[in-house]
Peer 1: 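To start, I am sharing the structure in question, which I have written as C-alpha cells.
Predicted, not measured: the structure shown is a model, and the values here were computed from it.
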Amino acid sequence: EITSTKDLSESVKSAIQMYPNPTAGKMFLVVNKPQSGDNYILYNINGEKIQSGIMNSERVTIDLSDDVPGLYFLVVYFHNQIYREKVIKQ
C-alpha cells in the first residue's frame, strides 16, 4: 500500500535528501538504501512528465539545465511510499 506524503515515517523522510533547491541546473537526489522499484518522476507546472529515472544508486543526478526556469514537482517512489517535493529552477 502506498501512503501519502503526510503519512511518511520519519525514518523514510530522513532517508531522502534533495539539493540544491532552488537550482540553476543540476540537483541531486540522495536516498538511503534504495530498493528495487524505487524511482522518481519530475513534472512541470502543467503536470507534464519532464523526466524520470530509477534510483539504482544512493545518489541520482537530475539535470534541469535545459528546462525553463519555474516551479517543478518531484515525486519519489521510495520503499513503497510516495515523497513529493517542489523544485524551483532558477
Peer 1: Would you say N44's side chain and N46's backbone share a donor-acceptor pair under 3.5 angstrom?
Peer 2: yes

Peer 1: Rounded to the nearest 0.5 Å, how far does CG of L74 lie from CE of M18?
Peer 2: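 Reported value, rounded in 0.5 Å steps: 6.0 Å.
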
Peer 1: Provide the full list of ring pair (Phe, Tyr, Trp, His ring centres under 6.0 Å) pairs with a residue in residues 28-74, sequence neighbours left out, each pair given once.
Peer 2: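 Passing the test, one end in residues 28-74: Y19-F28.
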
Peer 1: Can you name the nearest heavy-atom pair linking G53 to N39, along with the distance?
Peer 2: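 Taking G53 first and N39 second, the nearest heavy atoms are O-CB, 3.1 Å.
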
Peer 1: What about I41 and I82, same hydrophobic cluster or not, with Ile/Leu/Val/Met/Phe/Trp/Tyr joined at side-chain heavy-atom distances under 4.5 Å?
Peer 2: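 In one cluster with I41: I82, yes.
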
Peer 1: For the atom pair CG (L71) and CD1 (I45), what is the distance rounded to the nearest 0.5 Å?
Peer 2: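 So the CG of L71 and the CD1 of I45 are separated by 4.0 Å.
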
Peer 1: Side chains of V76 and E85, heavy atoms from C-beta outward: is any pair under 4.5 Å?
Peer 2: no

Peer 1: Could you pull out the closest heavy-atom pair between F78 and A15, with the gap in Å?
Peer 2: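 Minimum heavy-atom separation between F78 and A15: CE2-CB, 3.8 Å.
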
Peer 1: Compare every heavy atom of V30 with every heavy atom of R59, then report the nearest pair and how far apart it is.
Peer 2: CG-CG2, 4.2 Å

Peer 1: Check step by step if side chain to side chain contact (heavy atoms under 4.5 Å, CB included) holds for L64 and L42.
Peer 2: CA-CA 10 Å; L64 296 171; L42 185 69; 3.1 Å; yes

Peer 1: Quick check: do Q90 and P22 have side-chain heavy atoms less than 4.5 Å from each other?
Peer 2: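 When only atoms from C-beta onward are counted, P22 and Q90 do touch, with a gap below 4.5 Å.
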
Peer 1: Compare every heavy atom of G25 with every heavy atom of K89, then report the nearest pair and how far apart it is.
Peer 2: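 Residues K89 and G25, closest heavy atoms: CE-N, 4.3 Å.
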
Peer 1: What is the distance from atom CG of L29 to atom CD of Q17, rounded to the nearest 0.5 Å?
Peer 2: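 Interatomic distance, L29 CG to Q17 CD, rounded to 0.5 Å: 9.5 Å.
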
Peer 1: Going by distance alone, is a donor N or O of one side chain under 3.5 Å from an acceptor N or O of the other, for N21 and T23?
Peer 2: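 No.
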
Peer 1: I want to check something: taking the side chain as every heavy atom from C-beta on, are P34 and E58 in contact at a cut-off of under 4.5 Å?
Peer 2: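 Heavy-atom side-chain distance check passes, below 4.5 Å.
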
Peer 1: Name all residues meeting the side chain to side chain contact (heavy atoms under 4.5 Å, CB included) criterion together with D66; count only those two or more places apart in sequence or in a different chain, and write none if there are none.
Peer 2: none

Peer 1: Are the side chains of V87 and M27 in contact, using a 4.5 Å heavy-atom criterion?
Peer 2: yes

Peer 1: Quick one: list whatever passes side chain to side chain contact (heavy atoms under 4.5 Å, CB included) with Q35, sequence neighbours left out.
Peer 2: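 Listed in chain order: D38, H79.
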
